[in-house]
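Below is one structure, written out as structure tokens; comments come after it.
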Amino acid sequence: MGFKKLLASMGAGGASVETELSESNVVPGGVVQGEVRVQGGSVSQRIQGLSVGLQARVESEGHDGEEIKQNIEFTKQQIGGAFEVQPEAVHVVQFGLEIPWETPVTAIDGQQLRGMNIGVITELDIARALDSGDLDPVNVHPLPAQQAILDAFIHLGFRFKSADMERGHLRGTRQRLPFYQEIEFHAPQQYRGLNQVELSFVADDREMDVVLEMDKKPGLFSEGSDSFRAFTVALNDFQATDWPGYLNQWLAEVGGRRNWL
């Protein structure tokens, strides 16, 4: 029995963990419901703790200046205290994991955004060892206020290009997470001075900051440049605004014509 316990402490024949989500579709500020099933191994084991969290695959700058991908766990929740799991027994724990308001959008109009990898990660704490389960993907859909902004871009003729999550901070926003999302659009013909526009949302439970980075085309005697605009939208009071008209004012000002001089 002592040898089996030694093997279990090394991960051989020990308890394993599996998570099942009852609903994988959620919005920022919502809750993901699910259950964790701890399967006992060949010997009884003392489980010190059990937690679930959200993990994102984020771009960051390495020491050599090149972009690297990094897993960041950006929220974590303990679910229950210590317990003993018997050999071959199954211990089930229900949970509800709150989704931070800043969580990036991973799906728009039912379509998964390429490169947006966010999921629930489960950790089992066993006597000075940590066993992480697989990543269970979640689909984060836009809040109604975010959807209104996205719909306005589509109405104005912008085409979705890509999305990514970058480590860093957007200055002047309410950002608390160590990373932010950029949703990139190709500019339509009427904004002939623009290459593309990058859109970022930073929300809390009352309102959100909307940040636009507009990439201007170069002129005959000038290089291309970036122009930034930011504004705040109340989550419960956004319907009264004509968003295509509002956005067009800024977009036309910056990209209505190319700067040839």
Margin query: If the condition is ring pair (Phe, Tyr, Trp, His ring centres under 6.0 Å), which residues does Phe185 pass it with, not counting sequence neighbours?
Written below: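 Only Phe153 meet the ring pair (Phe, Tyr, Trp, His ring centres under 6.0 Å) criterion with Phe185.
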Check: [X] side chain, [Y] main-chain N or O, donor-acceptor pair, under 3.5 Å:
X	Y	result
Glu213	Glu184	no
Glu73	Gln55	no
Ser44	Pro87	no

Next item on the list: Could you list all the salt bridge (Lys or Arg N to Asp or Glu O under 4.0 Å) pairs where at least one residue sits in residues 167-183, not counting sequence neighbours?
Entry: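 The answer is Arg174-Asp204, Arg174-Glu207, Arg174-Asp209.
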Checklist line | Minimum-distance pair of heavy atoms, taken over all atoms of Arg46 and Ala82 | finding: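 Heavy atoms of Arg46 and Ala82 come nearest at NH2-CB, 3.7 Å.
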Note to self: Minimum heavy-atom separation for Ala107 and Pro142, please, with both atom names.
What the structure shows: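 Taking Ala107 first and Pro142 second, the nearest heavy atoms are O-CD, 3.3 Å.
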Margin query: Once side-chain contact (heavy atoms from CB on, under 4.5 Å) is applied, do any residues pair with Phe83, and if so which ones, sequence neighbours excluded?
Written below: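 If we apply the side-chain contact (heavy atoms from CB on, under 4.5 Å) test to Phe83, skipping adjacent residues, the hits are Val38, Ile47, Val85, His91.
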Checklist line | Residues in side-chain contact (heavy atoms from CB on, under 4.5 Å) contact with Gln39, at least two apart in sequence or another chain | finding: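 Ser16, Glu88, Val90.
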Notebook entry, point to check: For His186, does the NE2 atom have more than 12 heavy-atom neighbours from other residues, nucleotides or ligands under 6.0 Å away?
Noted result: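 Counting neighbours around NE2 of His186, more than 12 heavy atoms of other residues, nucleotides or ligands fall under 6.0 Å, so yes.
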Next item on the list: Provide the full list of side chain to side chain donor-acceptor pair (under 3.5 Å) pairs with a residue in residues 234-251, sequence neighbours left out, each pair given once.
Entry: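 Residue pairs with at least one partner in residues 234-251: Tyr191-Asn248.
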Checklist line | Arg57: partners by salt bridge (charged side-chain N to carboxylate O under 4.0 Å, His left out), with sequence neighbours left out | finding: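 Per chain and number, Arg57 pairs via salt bridge (charged side-chain N to carboxylate O under 4.0 Å, His left out) with no residue.
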